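Basis for what follows: all heavy atoms, side chains included, without hydrogens, waters or symmetry-related copies. Bear in mind the structure is a predicted one, so any value in this text is a computation, not a measurement. Counting convention: from 1, in listed order, for ligands and their atoms alike.
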Amino acid sequence: MDLTKQVKKIDCHVHPQFAGGPERMRGGTWPTPEQVREAYDTLNIESGVLMSCLAPEHMHDPISSRDAQAMHEAYPETFPWWFCALDPRMAWNDPARVPDYSYYIDFYRELGARGAGELQAHMMLDDPRMLGLLMHCEKKNFPVTIHFGKPGVGQGLLDDLGLVRLEKVLQQFPKLTLLAHAASFWSEISADVAEETRHTYSTGPIAQEGRIAVLLRKYPNLICDISANSGYRALSRDPDYTWRFFDEFFEQIVFATDISSRQTIEKTAVQLSSLLDDGYRAGNISEKAYRCICRENALRILQA
Ligand SMILES: [Zn+2]
């Protein structure tokens, strides 16, 4: 049997929401759990990790921890896992007196949450408030999914060219499982990234590996979330590099879609699935790497 049919994927990053909220002003809105299920059946995805989403800078209809929990309970086979909406600004966070986030982690874990995210607060990644939150996530073995953003624009944690603050965080919290995504992260797949291009969808061949490879080698707790256009563009710009990247780092890469609208179902989720399936069928991805990226790494991280 074709391995790509046999191995059911786990989607590590998905944003459904119950029907009834407003549309985005530019049109479209979150897909419903039923629409995600339909897409999963078409794409041979078994289930997904439901991400909450609160960042007010770009949010038209937030997905709270409570929404995520309710969808998990209503559709347990489609969303066996969910991440809660912790935020480094909540609970009067003050670096001099970091709130006991472990209390909230215990609360949400009891309800079934398996991690925090996606984290999108618009502040430096190593802001003392963020470090306070991450300290508790590490202590409680609670994975985090982080959206890397552009200073002054929209949402997301901020870093410098070369992901130097990410390295500091990975060093400081070696036991924290940190899933990274978005254009400002993926642009660092190539050494040619510059201040002017690091927040854009990077293009062109990769002559020299970027900081992502260096960090993956040094920090086994860093996991690449390949979701969205950002992940797809970074991994389709130079297929030869992508196959080498998968070959070396397959234990630190997870399949994910970031489905957040009908358009992302029809385009991005299909493209990301095909990248892996076609790559395997053409002999560019080993069976071991395919199994790990599509499914097994997620199960390990989620302790399923
Ligand atoms: Zn994101």
Exercise. Counting no waters, what protein N/O/S atoms lie under 2.8 Å from the Zn ion (ligand 1)?
Worked result: Glu118 OE1, His147 ND1, His181 NE2
Exercise. Should the pair Tyr75 and Phe79 be assigned to parallel (<30°), tilted (30 to 60°) or perpendicular (>60°) ring geometry?
Worked result: perpendicular
Problem set entry | Closest non-hydrogen atom pair, Leu222 against Gln252 | O-NE2, 3.2 Å
For this session: Grab the two heavy atoms, one from Ala234 and one from Thr242, that are nearest each other, plus how far apart they are.
Result: O-OG1, 4.5 Å
Seminar exercise, completed: The reported gap from CD in Gln120 to OG in Ser52 (rounded to nearest 0.5 angstrom) is 8.5 Å
Seminar exercise, completed: The complete set of side chain to side chain donor-acceptor pair (under 3.5 Å) pairs with one or both residues in residues 212-232, sequence neighbours excluded, reads His13-Asp225, Glu167-Lys218, Glu167-Tyr219, Gln171-Tyr219, His181-Ser227, Glu209-Arg217, Arg217-Glu248, Asp225-Ser227
Exercise. Pick from Leu119, Asp159, Val164: which one makes a side-chain contact (heavy atoms from CB on, under 4.5 Å) with Leu125?
Worked result: Asp159
